[in-house]
*Asks:* 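Quick one: the structure is below, and I'll ask about it shortly.
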Number of protein chains: 2
Amino acid sequence: MALTEVSSNKVFGGYQKVYSHDSKEVGCSMKFGIYLPPQVEQNKKLPVIYWLSGLTCTEANFIEKAGAQRYASVLGVIIINPDTSPRGLNIPGDSDAYDFGVGAGFYLNATQEPWKNNYKMYNYITVELQNIINSNFEVAEGKQSIMGHSMGGHGALICALKNPGLYKSISAFSPICNPSECAWGIKAFTGYLGPKETGSWSDWDATELVKKYNGPPIELLIDQGLDDKFLSEKQLLPENLIEACKATGVPAVLKKREGYNHSYFYIASFIGEHIKYHVDALLK
Amino acid sequence: MALTEVSSNKVFGGYQKVYSHDSKEVGCSMKFGIYLPPQVEQNKKLPVIYWLSGLTCTEANFIEKAGAQRYASVLGVIIINPDTSPRGLNIPGDSDAYDFGVGAGFYLNATQEPWKNNYKMYNYITVELQNIINSNFEVAEGKQSIMGHSMGGHGALICALKNPGLYKSISAFSPICNPSECAWGIKAFTGYLGPKETGSWSDWDATELVKKYNGPPIELLIDQGLDDKFLSEKQLLPENLIEACKATGVPAVLKKREGYNHSYFYIASFIGEHIKYHVDALLK
């Protein structure tokens with residue numbers, strides 16, 4: 001699998017790089033960001049955190065706005081952040097809205113035409129990209145965690161819940177928690193998976209997956225700004241996820257942040273806390 | 001002077017806001033960013049650091065990419081970052097190039113047609129904006145410092161050198177140091193000030209201003225990435241400024257950063273060090 005270096009910038013003693021590669025799963029060229037902290041120069045195998053971004057993002061938003069490199073540099077962890085959908089395919093309808101198609105892959109495997117051949121971001125993240133990272137960079141085997149924001153927070157939750165044991169820790173900033181019950185999710189699931197009655201939505205909804213989780217102990221760290229307009233518009237529904245966790249005994253922590261909204265300013269304020277949380281789990 | 005709040009985002013316990021206002025000096029509506037750290041809620045009068053951005057930037061780049069809020073939050077300092085030129089005037093030729101006109105005001109007062117009525121960023125920064133800040137926010141009288149990047153690093157230097165005692169400390173990331181001798185500067189000075197022979201260039205060139213500086217002791221902190229392509233292209237010329245400082249006894253510190261380029265990744269890596277430097281001077 002050939003990787004092409006798109007950019008490389010020294011930051012906090014390490015390097016923030018962007019690579020592109022041809023993806024079999026999604027059938028186009030894909031980019032991802034990787035932060036390599038200064039500890040890579042000591043030929044150490046380092047743990048990895050995956051970051052999944054939200055609607056409309058490319059790999060650039062997290063790299064430029066989250067300020068994660070500062071913490072990863074100190075703690076010696078690699079951070080990978082992929083794009084949010086296939087791009088450049090020009091599938092009819094893929095660019096009509098910010099919340100479906102390009103920039104809105106929802107980290108699932110589509111089953112419906114015309115999406116099912118390319119919109120397989122779930123396979124891309126959990127299999128293909130992971131293999132690329134493991135075979136091209138000095139990562140510590142099995143030492144990986146996952147986090148994300150909004151659509152990507154949900155992506156982190158389902159990638160973890162559908163793959164018990166694959167990630168040592170899981171966290172999400174203002175995640176969509178129950179897409180089967182919110183406008184964004186209903187639109188995306190209907191388009192990618194078909195109608196609720198026949199589309200196996202519960203296989204791709206974090207709140208539903210918690211109810212049937214059957215694996216090693218897992219903790220879900222949910223972070224939520226209380227001035228988030230998408231919270232009040234009922235797009236996120238963390239209460240549904242927390243309720244499902246309580247009912248099934250899956251430990252969940254909900255951190256409520258007074259005055260914070262849905263933006264990268266909010267993410268930047270708490271990303272250090274999340275990275276520390278993951279590194280603590282990864283070094284256990 | 002009426003201020004309009006354009007945006008407000010909680011970040012690191014304080015608020016990153018953007019305001020717009022009508023400017024008399026530059027004859028159009030102008031935006032600036034202001035970070036108000038959590039300490040403002042204690043009704044304290046706080047010190048202020050001005051940040052001047054480089055070519056092509058609006059107020060947004062620094063706000064989103066520098067990660068300065070984290071340090072300002074801890075140290076209790078307000079950070080103001082204005083735009084880089086007038087906007088929306090549609091002066092013929094103001095949008096033909098990235099390095100002249102819109103986004104490229106060079107923090108001087110133009111004397112040539114058609115620029116002289118609006119391209120007065122020097123007056124805007126050192127008088128009008130400062131008055132707006134002092135009369136609308138709880139700032140500690142006389143406790144202000146200035147820093148900037150590239151074109152804005154030069155702006156910080158000339159604002160300080162032309163106003164002895166106005167700023168408690170001065171620093172610059174990869175500044176244009178001697179615009180009379182580099183391509184960017186020659187183009188801008190010729191356009192805004194007229195030919196070198198008649199345009200009083202030495203009144204607007206940091207290296208020339210150092211040679212005639214006559215005020216209270218001043219120190220210039222210059223920060224420079226060594227993988228900066230504009231350094232090797234001789235747009236920045238820090239050696240000329242340092243030489244002038246040595247010749248005239250103005251203390252200058254040149255921090256050389258191995259492997260860093262001209263980007264906000266470089267700025268983010270060292271902005272905390274600069275903010276600490278300024279706050280130390282401001283609290284003296």
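By convention in this document, chain letters (A, B, ...) are assigned in the order of the sequence lines, proteins followed by strands, and residues within each chain are numbered from 1.
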*Asks:* Can you pull out the residues in residues 46-74 of chain B with any heavy atom less than 4.5 Å from chain A?
*Replies:*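 Against chain A, the residues of residues 46-74 of chain B that fall inside the cut-off (heavy atoms, under 4.5 Å) are B:I63, B:E64, B:K65, B:Q69, B:R70, B:Y71.
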
*Asks:* Tell me, side chain or backbone of A:S8 under 4.5 Å from chain B's heavy atoms, or both, or neither?
*Replies:*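 Contact with chain B involves the backbone of A:S8 alone.
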
*Asks:* Please determine, by modelled atom types, if A:D227 and A:Y266 share a side-chain donor-acceptor pair under 3.5 angstrom.
*Replies:*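 No, no side-chain donor-acceptor pair sits under 3.5 Å.
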
*Asks:* Please flag which part of A:Y260 lies under 4.5 Å from any non-hydrogen atom of chain B: side chain, backbone, both or neither.
*Replies:*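 For A:Y260, the contact with chain B is made by backbone and side chain together.
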
*Asks:* Over 60° means perpendicular and under 30° means parallel, so tell me whether A:F32 and A:F137 are parallel, tilted or perpendicular.
*Replies:*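 Correct class here is perpendicular.
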
*Asks:* Please check if the number of heavy atoms outside B:K143 that lie under 6.0 Å from its NZ is greater than 12.
*Replies:*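 Correct, the count exceeds 12.
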
*Asks:* Quick one: do A:E5 and A:K17 make a salt bridge, cutoff under 4.0 Å?
*Replies:*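 Salt bridge between A:E5 and A:K17, a charged N being under 4.0 Å from a carboxylate O: yes.
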
*Asks:* Might you point out which heavy atoms bring B:P238 and B:L254 nearest each other, and give the distance in Å?
*Replies:*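 Here B:P238 and B:L254 meet closest at CB-CD1, 4.5 Å.
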
*Asks:* Quick check: closest heavy atoms across B:H278 and B:S171, and the distance to 0.1 Å?
*Replies:*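 Answer, listing the atom of B:H278 first, then B:S171: NE2-OG, 2.8 Å.
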
*Asks:* Please classify the contact between B:N261 and chain A as side chain, backbone, both or neither, with a heavy-atom cut-off of under 4.5 Å.
*Replies:*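 Side chain only.
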
*Asks:* Which pair of heavy atoms, one from A:S23 and one from A:Y124, lies closest together, and at what distance?
*Replies:*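 Where A:S23 meets A:Y124 most closely, the heavy atoms are OG-CD1, 3.6 Å.
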
